[in-house]
Amino acid sequence: MAVGVFDSGLGGLTVLAAARRRLPATSFVYLGDNAHAPFGVRDPDDIYQLTRRGVQALWDQGCDLVILACNTASAVALRRLQEAGLPSGKRVLGVFVPLIETLTGRGWGDTSPPTMAAGLQVALFATPATVSSRAFPRELAYRALGIDVESQACVGLVDAIEAGDHAEAEALVVAHVAQLQTKMPSPDAAVLGCTHYPLVENAFREALGPSVRVISQPEVVAASLADYLERHPAFNDTDAAQRFLTTGDVSSVSVQAQTFLGEPIRFEPCVT
Ligand code: DGL
């Protein structure tokens, strides 16, 4: 069966593109919940219900493994989905843990006690819902102790990116980095904790300066997915088929998607 990739809208395409480069034979079904995006300004219960419906739609398409290629859904809904119990044979993975494993230098899926990383200063840039969930420091504390995290809710940035307004998006990056630096003047590392942000990664790098290690998600998640599929080959259907589904308007979403993947994509309608 194909691997399902769920996002609130188009941001998850940055993760999908990296996954396709890494796993060119793997089949994927992408679902963007464009009708309900952005998720990052919604309340937690709303995000949970939308994520649950999106995951169910991908299971209905035959995807036994679903990646939540959306930090907001991963931060707010993943734990609750898993605690509610997944149907037998189904798996849902998020995009937060691979980021943290990279940041802390741990192996994929390492469940050993937390390592000591005292003194490391980390800046998290994410949506308001991801920041308020506090999922990043929580998941980090399971894996490493002594890391100082400052979070910046990047209000408006997803909307500017979705609208293709690069000037506005870059101005917002500069403003959010400046605001973060009032709380943490010299971070060692910055985590771009939103699947839209790779599209403005250069603006983040420029605003943060060369001394800050910027951890961008798509390649990290793709590497962790490749490792997972190697350990669980039953989830890896290798006929290289790709399908793109959206709850939004098929033609406008298909046009916007080209900005994200740099190639024409034809979306099909989906109701969740
Ligand atoms: N793609 C989502 C994420 O990674 C953000 C977009 C939204 O707010 O819906 O957090």
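We count ligands from 1, going down the list as the structure has it; atoms in each ligand are counted the same way.
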Is there a polar contact, in the sense of an N or O pair closer than 3.5 Å, between Thr130 and ligand 1? no
Within 4.0 Å of some non-hydrogen atom of Phe39, the atoms of ligand 1 are 7 (C), 8 (O), 9 (O)
Mind telling me whether His232 and Phe235 have parallel, tilted or perpendicular rings, with 30° and 60° as the class edges? tilted
Atom 5 (C) of ligand 1 sits nearest the protein heavy atom Cys194 SG, 3.4 Å
- Item | Charged N-O contact under 4.0 Å between Arg21 and Glu219 | yes
Indicate yes or no: does Asp148 engage Lys183 in a salt bridge with an N to O separation below 4.0 Å. no
Kindly determine whether Tyr197 and Phe204 satisfy ring pair (Phe, Tyr, Trp, His ring centres under 6.0 Å), including the steps that lead there.
CA-CA 9 Å; Tyr197 299 173; Phe204 272 107; 5.7 Å; yes
| Does a sphere of radius 6.0 Å around CD in Gln242 hold more than 12 heavy atoms from other residues, nucleotides or ligands, not counting ones at 6.0 Å or beyond? | yes
min-distance protein heavy atom vs atom 1 (N) of ligand 1 -> Thr195 OG1, 2.8 Å
Short version for Val41: what comes under 4.0 Å of ligand 1, heavy atoms counted, is neither
Query raised in the report: Could you walk me through whether Thr246 and Asn34 pass the side-chain hydrogen bond (donor to acceptor under 3.5 Å, both in side chains) check?
Result: CA-CA 6 Å; Thr246 179; Asn34 299 77; 2.8 Å; yes
Ligand 1 to Asp7, heavy atom cutoff 4.0 Å, flagged ligand atoms 1 (N), 2 (C)
Under 4.0 Å from one or more heavy atoms of His196, ligand 1 contributes atoms 1 (N), 5 (C), 6 (C)
Any salt bridge linking Glu139 with Arg79? Criterion: basic side-chain nitrogen under 4.0 Å from a carboxylate oxygen. yes
Among non-hydrogen protein atoms, atom 3 (C) of ligand 1 lies closest to Asn71 N, 3.3 Å
For atom 2 (C) of ligand 1, the closest protein heavy atom turns out to be Cys70 SG, 3.3 Å
One should read off an interatomic distance between Thr238 OG1 and Leu229 CG, to the nearest 0.5 angstrom, of 10.5 Å
d(Gln56 CD, Leu58 CG) to nearest 0.5 Å is 9.5 Å
heavy-atom search around atom 10 (O) of ligand 1 in the protein gives Thr72 OG1, 2.6 Å
### Message
Below the 3.5 angstrom mark, is there an N/O of Ala69, backbone or side chain, next to an N/O of ligand 1?
### Response
no
So for Val158 against ligand 1, with non-hydrogen atoms under 4.0 Å, the contacting part is side chain
Note to self: Please check whether Gly40 reaches ligand 1 - meaning an N/O of the residue sits under 3.5 Å from an N/O of the ligand, judged on distance alone.
What the structure shows: yes
_Does ligand 1 come near enough to Thr127 that some N or O of the ligand is less than 3.5 Å from an N or O of the residue?_
no
